[in-house]
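One structure is given below, encoded as structure tokens.
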Amino acid sequence: MKDKFRKDIALLTAEAFALSFPEVKEHHSELFIFDPPQIYSRLETPRDSQMGNYALPLFELAKALKKNPAELNKKLAESQNGLTLETKEFSHLSFTVAGGFNNARIKTEILAKAAIDSVLEEEESYGSSDEGQGRKIVIDFSSPNIAKPFGIGHLRSTAIGNSLYRIYQKLGYTSVGINHLGDWGTQFGKMIVAYRKWGDEKLLQDEPVKRLFELYVKFHKEEEQDTALSDMAREAFKALEDGNEEAIALWQKFKDYSMADFNKIYSMMGVHFDYQTGESFYNDKMDAVIERFQKAGLTEISDGALIINLEKFNLPACLLRRADGATLYATRDITGVLYRWQTFNFEKALYVVCSAQRDHFRQVFKAIELLEEAEKVPVEKRIAPRLVHVEFGWIKLENAMMSTRKGNIIFLEDVLNKAISLASEKIIEKNPDLKEIDKTAKQIGLGAVIFADLSTRKEKDVNFDWDKVLNFEGETGPYLQYTHARLCSLIRNYGKPINSNINYAYLNNPEEYRVLDIIYRFPFIVREVADAYDPNLMVSYLLELAGAFNKVYQRKSADGKIDKIISDDADLTATRMALVESVRIVIQEGLYLLGISAPEEM
RNA sequence: GCCCCCGUAGCUCAGAGGAUAGAGCAGAGGUUUCCUAAACCUUUGGCCGCAGGUUCGACUCCUGCCGGGGGUACCA
């Protein structure tokens with residue numbers, strides 16, 4: 001029971017019910033209504049904060065007791081309100097009856113004090129916690145493939161992973177970001193063959209990654225006519241794995257060009273990795289792991305390949321070695337899990353990878369689980385329960401799957417640049433005197449793209465839509481940034497220190513109350529994002545907060561004029577400015593947790 | 001064939017047992033003697049894919065069907 005108000009309501013409600021229905025307590029003491037933790041978890045958020053901050057549905061209880069819900073509720077509420085008068089600890093609460101919903105409301109001053117005092121005191125660390133105790137969360141994200149351009153398809157993993165990285169840091173964990181680059185595998189056999197056949201050094205001068213990508217597409221086209229190419233590619237990859245010098249030199253060249261491209265994008269987006277260890281990093285570590293599985297008696301030979309049979313678990317067999325002896329990505333991922341455990345002793349390891357790879361990760365996790373069972377690893381030291389596949393849907397293009405092989409792909413760099421130049425145009429149109437136009441345009445353009453990507457629940461497929469990504473109005477990143485900039489502007493105009501002369505009772509209109517309610521919930525939202533592994537919850541939250549504040553900002557008083565935040569009434573203004581600063585901090589911090597910056601002017 | 005995900009307003013999406021199903025975009029109308037109009041207000045628009053079932057209560061859970069997508073061992 002972490003939410004203080006919620007806890008108070010649960011305690012009071014249990015007590016009130018026992019007082020008003022002593023006969024029920026005697027015969028049915030097992031009912032949830034007598035147990036504060038159960039009440040706590042049943043409390044809901046009403047549709048409209050005007051109805052209250054918390055709602056307890058009593059239908060089930062009424063049914064169990066064969067009573068009318070509204071009448072039961074009425075008697076309960078009377079008893080609850082009686083207690084709020086008698087007991088000082090509960091004096092900030094009041095209860096109302098709405099049919100079968102028992103609604104609790106927190107007194108404005110108390111809610112305002114709880115929300116604003118915490119934010120002003122903790123500033124950027126509002127919402128943070130020490131629950132992680134420095135334990136490690138390993139996050140595998142972004143993970144593009146070498147020799148292919150960084151497509152829009154990699155944006156989701158990058159944006160979600162980066163956000164979770166920051167969320168876990170905020171909760172007191174040590175985040176470890178790993179870019180598991182796709183720098184190994186049969187595809188490099190293909191690249192090597194394609195380069196030898198059609199490529200040369202001169203070709204790669206201007207835009208090497210795009211040229212390499214064209215070779216890759218060409219290879220797949222030619223492969224359809226000429227199946228000998230597939231065999232050549234397999235052989236070339238085998239040569240690479242066997243350490244053939246020429247093959248390695250080519251591979252290294254592809255890798256260097258790609259990394260230069262990727263790093264440009266990461267630095268633009270402010271994404272940081274602690275390790276950029278790709279698949280090739282595990283080359284010399286796989287033999288020992290394969291041996292471990294063999295020793296544990298988990299492997300068998302099937303059609304010449306070394307496999308772990310997972311039929312019992314309704315999964316396809318997990319291949320450790322192909323018939324020709326080469327390893328596969330499952331081998332590398334399994335090795336990666338064991339290596340990371342040994343290196344980081346993590347609390348959890350997250351794999352932010354699209355849902356098409358669901359079966360793959362089930363196989364990998366199952367393989368680890370079987371190994372630990374076979375080796376009789378003590379339960380508390382097992383890795384398998386700590387592994388999480390954070391899966392997300394595809395990015396589709398005009399409702400068709402994007403396919404790197406077919407060349408049907410949008411380059412992320414093009415999207416970012418387009419968004420930035422559009423942001424720049426908007427600034428020149430709307431605020432031409434702005435000092436740092438380039439820097440701000442970059443923040444806004446990136447904010448728009450990242451926000452658009454995170455604004456769909458992660459498991460759903462998203463259709464890439466230029467108009468949506470390049471839209472700066474409505475539910476968008478720039479809308480939040482604009483709200484933040486306007487808050488900053490208020491603070492500049494006010495020009496006095498905030499957090500003095502505060503009388504919270506001044507915050508007495510419904511629009512302000514709603515903002516207070518939302519600010520108070522921020523720490524719980526941070527927690528929920530971590531539990532669901534979905535930054536989309538933060539997206540919705542911030543839109544709600546910004547919307548609620550914008551209503552305060554443009555609220556009209558009885559005379560039909562805007563009820564301005566900065567007015568002649570010094571005390572009222574001081575109090576409202578405390579609210580302004582609180583909203584500003586929460587929006588800034590919320591955006592940070594999404595990987596988006598909050599400009600002070602735009 | 002088998003397994004998994006998705007189907008909500010013209011479009012893009014929230015809601016995932018509870019109150020009258022909500023936002024944004026697009027359409028219509030309005031708000032600024034300027035606390036940044038990238039905003040705000042009003043308004044049009046819904047058999048929540050279809051049919052059963054469970055429940056005090058179902059867009060939400062279960063079953064079947066229809067439609068879209070993905071996976072289904074030597075690609076990742």
Side-chain angles (χ1 to χ4, degrees), chain A residues 44 46-48 51 55 57 59-60 62-64 69 98-101 103 143 145 182 184-187 189-190 230 233-234 237 279 302-310 314-324 326 328-330 332-333 353-360 362-363 391 393-394 396 399 401 404-405 423 426-427 429-431 444 448 452 455-457 459-463 465 467-468 471-476 478-483 485-486 488-494 536 539-540 543-544 546-547 550-551 553-556 560 562 564-567 573 580 601-602:
Chain A
E44 298 173 5
R47 276 223 129 50
D48 178 353
M51 298 192 276
F59 308 96
E60 196 187 322
K63 166 94 177 158
F101 288 98
N103 292 335
S143 309
N145 293 318
W184 207 248
T186 317
Q187 52 181 326
K190 294 178 184 178
S230 316
R234 255 191 292 276
F237 177 58
E279 297 188 55
S302 169
D303 294 339
L306 183 72
I307 67 158
I308 304 170
N309 190 326
L310 299 173
N314 204 16
L315 282 170
C318 178
L319 270 81
L320 295 179
R321 274 194 202 283
R322 297 194 317 213
D324 65 3
L328 288 112
Y329 72 130
R332 288 184 282 277
D333 271 344
V353 182
C354 81
S355 55
Q357 292 195 41
R358 182 184 298 131
D359 278 358
H360 164 69
R362 283 209 203 142
Q363 289 174 298
E391 56 184 86
W394 291 92
K396 296 187 291 187
N399 276 316
M401 291 298 139
T404 320
R405 293 181 186 186
K426 292 262 177 186
I427 292 170
E429 174 196 326
K430 290 165 191 288
N431 193 1
I444 295 169
S455 54
T456 302
R457 227 173 65 221
E459 59 267 30
K460 301 230 301 194
D461 292 347
V462 296
N463 202 11
D465 181 353
D467 293 342
K468 195 184 173 194
N471 181 21
F472 297 167
E473 289 167 22
E475 298 179 330
T476 65
Y479 167 73
L480 295 177
Q481 291 172 318
Y482 175 76
T483 305
R486 206 152 64 171
C488 290
S489 172
L490 279 170
I491 292 162
R492 276 194 305 274
N493 290 339
Y494 181 57
N536 178 248
V539 165
S540 310
L543 287 172
E544 206 187 332
N550 282 324
K551 283 192 206 320
Y553 184 81
Q554 282 175 170
R555 179 179 173 277
K556 287 178 179 162
I562 298 284
K564 291 196 176 179
I565 288 170
I566 298 174
S567 67
T573 302
V580 164
E601 285 181 79
M602 65 187 266

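Quick note on labels: first sequence line is chain A, next is B, and so on, each numbered from 1. This one's a predicted model, so the numbers in the text were calculated from it and none came from an experiment.
You cannot call A:Y494 stacked on the base of B:rC35; the centres under 5.5 Å and planes under 30° rule is not satisfied.
Nucleotides B:rC65 and B:rA23 are separated by 32 Å at their C1' atoms, to the nearest Å. Nucleotides B:rC50 and B:rC59, compared at atom C1', are 14 Å apart to the nearest Å. Between the C1' atoms of B:rU20 and B:rG15, the separation comes to 15 Å (whole Å). Atom P of B:rG71 sits at a distance of 43 Å from the matching atom of B:rA28, rounded to the whole Å. Taking atom C1' in both B:rG24 and B:rA38, one finds a spacing of 14 Å when rounded to whole Å. Rounded to whole Å, the P atom of B:rA9 lies 12 Å from the corresponding atom of B:rA14. For the C1' atoms, the distance from B:rG68 to B:rU55 is 31 Å, rounded to whole Å. Atom P of B:rU8 sits at a distance of 11 Å from the matching atom of B:rC48, rounded to the whole Å.
Panel note: side chain A:D461, backbone A:W394; a donor-acceptor pair is recorded below 3.5 Å. A donor-acceptor pair under 3.5 Å is absent between the side-chain atoms of A:E601 and the main chain of A:S489, judged by distance alone. With hydrogens and angles ignored, the 3.5 Å screen pairs a side-chain donor or acceptor of A:N431 with a backbone N or O of A:M602. With hydrogens and angles ignored, the 3.5 Å screen pairs a side-chain donor or acceptor of A:T476 with a backbone N or O of A:Y479. Checked by atom type and distance alone, the side chain of A:D465 pairs as donor or acceptor with a backbone atom of A:D467 at under 3.5 Å. Formation of a donor-acceptor pair under 3.5 Å by the A:T573 side chain with backbone atoms of A:S567 is found in this model.
Partners of A:F101 by ring-ring contact (aromatic ring centres under 6.0 Å, His included), not counting sequence neighbours, listed by chain and number: A:F59.
A:D48 has its CG atom 11 Å from the P atom of B:rA23, to the nearest Å. Between the CD atom of A:Q363 and the P atom of B:rA73 there is a distance of 9 Å, given to the nearest Å. The nearest whole Å value for the distance from the CG atom in A:D465 to the P atom in B:rU12 is 8 Å. Counting to the nearest Å, the P atom of B:rG70 and the CZ atom of A:R362 are 18 Å from each other. A:K468 has its NZ atom 14 Å from the P atom of B:rA26, to the nearest Å. One interatomic measurement links the two molecules: CZ of A:R486 to P of B:rC34, which rounds to 15 Å at whole-angstrom precision. For A:D359 and B:rC5, the CG to P distance is 11 Å, given to the nearest whole Å. Rounded to whole angstrom, the span from the NZ atom of A:K430 across to the P atom of B:rA37 amounts to 10 Å.
Between A:N550 and B:rA39 there is no side-chain N or O to OP1 or OP2 distance below 4.0 Å. For the pair A:R234 and B:rC75, the criterion of a side-chain N or O lying under 4.0 Å from OP1 or OP2 is met. For A:Y479 and B:rC40, the shortest distance from a side-chain N or O to OP1 or OP2 is below 4.0 Å.
For A:Y329 and A:W184, the ring centers are positioned 6.0 Å apart or more.
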Strictly under 3.5 Å: I want the nitrogen or oxygen pairs between protein and nucleotides 16-19 of chain B, one per line.
{"residue": "B:rA16", "atom": "N6", "partner": "A:R457", "partner atom": "NH1", "Å": "3.4"}
{"residue": "B:rA19", "atom": "OP2", "partner": "A:R47", "partner atom": "NH1", "Å": "2.2"}
{"residue": "B:rA19", "atom": "N1", "partner": "A:N103", "partner atom": "OD1", "Å": "3.4"}
{"residue": "B:rA19", "atom": "N1", "partner": "A:N103", "partner atom": "ND2", "Å": "3.2"}

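Residue A:I427 is classed as a base contact, given a heavy-atom separation below 4.0 Å to a base.
Neither side chain, A:T456 nor A:N536, offers a donor N or O lying under 3.5 Å from an acceptor on the other.
Comparing A:N314 and A:K426, the nucleotide of RNA chain B nearest to each residue sits closer to the 5' end for A:N314. Where A:R358 and A:E429 meet RNA chain B, the nucleotide closest to each residue was compared, and A:R358 sits on the side nearer the 5' end.
With hydrogens and angles ignored, a donor-acceptor pair under 3.5 angstrom links the side chain of A:S302 to the base of B:rA73.
One distance of note links NZ of A:K564 with CG of A:N493; it measures 10.0 Å at 0.5 Å rounding.
Taking the side chain of A:F472 as heavy atoms from C-beta on, and the options B:rC75, B:rA38, B:rC35, the nearest nucleotide is B:rA38. Comparing B:rG71, B:rC40, B:rU31 against the side chain of A:K556 picks out B:rU31 as the nearest. Listed nucleotides B:rC35, B:rA38, B:rU31 differ in distance to A:S489; the shortest reach to its side chain belongs to B:rC35.
Looking at RNA chain B, the stems built from 3 or more consecutive Watson-Crick or G-U wobble pairs, each pair with its key distances under 3.5 Å, are B:1-7 with B:66-72, B:10-13 with B:22-25, B:27-31 with B:39-43, B:49-53 with B:61-65.
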